[in-house]
Protein chains: 4
Amino acid sequence: MSEEREPIRVGVLGARGRMGVEVCKAVDAVDDLELVAMIDQGDWLFNASDAGAEVVVDFTNPDVVMDHLHWCIDQGINCVVGTSGFTEQRLERVRSWLQHKPEVGVVVAPNFGVGAVLMMEFAARAARYFESVEIIEQHHPAKVDAPSGTATHTARVVAEARAAAGLAAMPDATKDEVPGARGADLDGVRVHSVRAAGLVAHQEILFGTVGETLTIRHDSYDRASFMPGVLLAIRQVIQRPGLTVGLAPLLDR
Amino acid sequence: MSEEREPIRVGVLGARGRMGVEVCKAVDAVDDLELVAMIDQGDWLFNASDAGAEVVVDFTNPDVVMDHLHWCIDQGINCVVGTSGFTEQRLERVRSWLQHKPEVGVVVAPNFGVGAVLMMEFAARAARYFESVEIIEQHHPAKVDAPSGTATHTARVVAEARAAAGLAAMPDATKDEVPGARGADLDGVRVHSVRAAGLVAHQEILFGTVGETLTIRHDSYDRASFMPGVLLAIRQVIQRPGLTVGLAPLLDR
Amino acid sequence: MSEEREPIRVGVLGARGRMGVEVCKAVDAVDDLELVAMIDQGDWLFNASDAGAEVVVDFTNPDVVMDHLHWCIDQGINCVVGTSGFTEQRLERVRSWLQHKPEVGVVVAPNFGVGAVLMMEFAARAARYFESVEIIEQHHPAKVDAPSGTATHTARVVAEARAAAGLAAMPDATKDEVPGARGADLDGVRVHSVRAAGLVAHQEILFGTVGETLTIRHDSYDRASFMPGVLLAIRQVIQRPGLTVGLAPLLDR
Amino acid sequence: MSEEREPIRVGVLGARGRMGVEVCKAVDAVDDLELVAMIDQGDWLFNASDAGAEVVVDFTNPDVVMDHLHWCIDQGINCVVGTSGFTEQRLERVRSWLQHKPEVGVVVAPNFGVGAVLMMEFAARAARYFESVEIIEQHHPAKVDAPSGTATHTARVVAEARAAAGLAAMPDATKDEVPGARGADLDGVRVHSVRAAGLVAHQEILFGTVGETLTIRHDSYDRASFMPGVLLAIRQVIQRPGLTVGLAPLLDR
């Protein structure tokens, strides 16, 4: 895997936050990465450059992340960003900064769960081959939105793949429905949101054609599950100049 | 199990119908039952009595089933009935006929699937011990009603058990819902109806409490699955004078 | 449910252990119980009696639990015990102590997970009605034994129920088997042990008969899941003089 | 999708066999294909050429399929072959025949289930991103081999993908194992074979990494499920000169 090189030197911004703590542990646990700076509120950013960080990982908050990014790009430090709030406008701003530093790489991803990203990719791939598809997402009862963001995104991806393949509407003879039984209709794809104590975060995509079904299910229990995706991004960002949005392109090989 | 006795002599009404054919095959395949009469439209009912049938199985239709029952009870022949359309009124009529023949047994069941009956029983049993419960039923897309009859019945059974145990409403923080996402509300129990090509008839009941979930799932593929229930009813009806409604009482031991 | 009475006064032994901490939190969180003593190594047992504890919960260790129990019974304090290591001999000793204090109740349970107990009960109930049954248990890869203790116990319970019902051996035409493919044979019941990163503790019991399957699945993520069972035991032990082994009898109503 | 052209003219060899009957029905049911010849034992092959068949579908048997193929290629008729028994030697023979007819296309596939093919593709894709993977296949109890051919193939594909990515062995602390509990070891991948009445043909591939699992499940109930794959092959073979092995390449776009 690893052509012999020195460990990649990594700094973590937001190092005392919930995700930052996990990132520090994960970086520390592998041989090909070295944790050289842990920075949080009140610390100086240039601790990262002083420590010779090649990659900075940012799990902070939307108010400060743009300043962090601007500074890192300026310093020629590659960035892996999990902080939320990246609108198309913000991404455009990052791209313009990168024009002046074409050798720097930035990965911005809303979700570092490899399983979730693969689930989405498989859903897009399978969609064109099945007459029917429905999504069942299951979460803890403290969740405020239904369907979940991931389910909404999956429905869109699936609907686009079906449209591109010229598929007809799904068969559905339902005439006599208690309101809500058939779930939410997102772009023609039915999504069902289950909420129950004991659940964490789960999603199932069911594809069916006469005589067979194919089910893709993702169960996520712990933010530790995001770490393989973060490590993957750290290893790749130093070889990917420019802006990369989402984890999917990093898996494309 | 079987105290040595002669095989039970069985007649089948509606012997050429879809269910009747299966019943004939199933009776024929076991040693402790003997198929003595196969009767369908145009045949004489008294073929059953002439053949010495001790039990008659009726999978015919609502228009004729009451005549069949009246005649069988009169002849002192026990009955196992899977024909649909039994209202409380009809059941009352059967009870009144049986008063004159107290030694005769009649079993009327809307569903002879042992798995479905056990699922229902387990659901009633588990309901009081979990904070949350939701039902997900999955059927082929030609189904007209949503939720299914079984799911509706399950929801009622579960809601009653929760009420009897004095449970509070389930936790659910949903504020931002795309209409239908959270399913149909049946007596406070959420039911989700999935319809897809490739599915047959499936139901899942999910119970959850902090840190654990218990799931009961029933998958039914084939009307052959009703046969163990029919055979069970045949074996028991000769020892159960009076009217028995549903398969559940026959499993109670 | 709750006839108006004062909250039950509860003391916890092993209050700083992993389970003890959870018990203290759980007792504290409900209105009908009052946490009056938290006792750990180095504290005096009679803090519990001084505080007027009606029930003592013991999650300590096998070396000291018998002394605790002897003392509590002597003091007339009811006990709920989750500490492991209870052989038949030890249970016999507890019974003999209770003869002198017939009004005291003791509940000793190896597992306070209500879901697991119900799963076992349902398995025993369903076993006699299906031709086939197999067990699939799934755990984290740090687990040393395969199958799990719960799966082994389930297999025994299922095998006994099948034997009692006079069922024949399960159908299985396997002739050409890669060693291990068909799982472990426990009393004629096949058990499959899956081990994978990301799993916690899961078990599935699959019952099948021609045309249908019934599946009972338990997923357990967190020791918080044992708390409902502990609370149930606390509430019931004050009305159950004598020794009760296992949680099942407390659910029997 | 379909640029306006005349329906593709299709002949079916083995038209009275179990699969052949399904193929005839499936071809007949769509507008862009026309069933022009149904040929079985005792019929002349040249009925197909006389009827102007552009594609011949062959579900016959290993003894005769090579003669059929030779004749069709000679006649310039494209072939879709589901008959089993194709060794590398036989495939080489077909390739040599095709050299003389470079415009003819032949698709030979051991499995026309699109779901199964996608499952395999997804498994190969996901394998490198997860620490652990296990396979659970579930079939009816009349099956002779364990694991199934599909599971064996999946294990090989997964093992190769892990090796190519340089993954370490999976974590597994099992020390105390009842023989068989951990399944069969195929190239380092554990495979569990469940056999139960009521099952048809099912397979689950479980991928896990700390904090998350990704599951791909395929349920197949009916040979009708192979028809979308057969139709896909018919539509593509006329544009794919040369030999194509397996359905996967036809899905690659």
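Reminder, nothing fancy here: chain letters follow the sequence lines and each chain counts from 1. Just so it is clear, the values below take in all heavy atoms, side chains as well, and ignore hydrogens, waters and symmetry mates.
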Problem set entry | Per-residue contact mode, D:A116 against chain A (heavy atom under 4.5 angstrom) | backbone
For this session: Return yes if some donor-acceptor pair links the side-chain N/O of A:Y221 with the main-chain N/O of D:T213 below 3.5 Å, else return no.
Result: no
For this session: Return yes when atom NE2 of D:H140 has more than 12 non-hydrogen atoms of other residues, nucleotides or ligands closer than 6.0 Å, and no otherwise.
Result: yes
For this session: Check whether A:F226 gets within reach of chain D through its side chain, its backbone, both or neither, counting any heavy atom under 4.5 Å.
Result: neither
Exercise. Can you tell if the side chain of D:L251 reaches within under 4.5 Å of the side chain of A:R125, non-hydrogen atoms only?
Worked result: yes
For this session: Would you check if the side chain of A:E212 reaches a backbone N or O of D:D219 as a donor-acceptor pair within less than 3.5 Å?
Result: no
Problem set entry | Exercise: identify the closest heavy-atom pair between A:F130 and D:G115 | CZ-CA, 3.9 Å
Exercise. Going by heavy atoms in the side chains, are A:L214 and D:L118 under 4.5 Å from each other?
Worked result: yes
Exercise. With a 4.5 angstrom heavy-atom cut-off, which part of D:F207 approaches chain A: side chain, backbone, both or neither?
Worked result: neither
Problem set entry | Among D:L232, D:T209, D:L206, D:V114, residue most engaged with chain A (heavy-atom pairs, under 4.5 Å) | D:V114
Problem set entry | Pairs of heavy atoms under 4.5 Å with chain A: top-ranked of D:H218, D:M227, D:E131 | D:H218
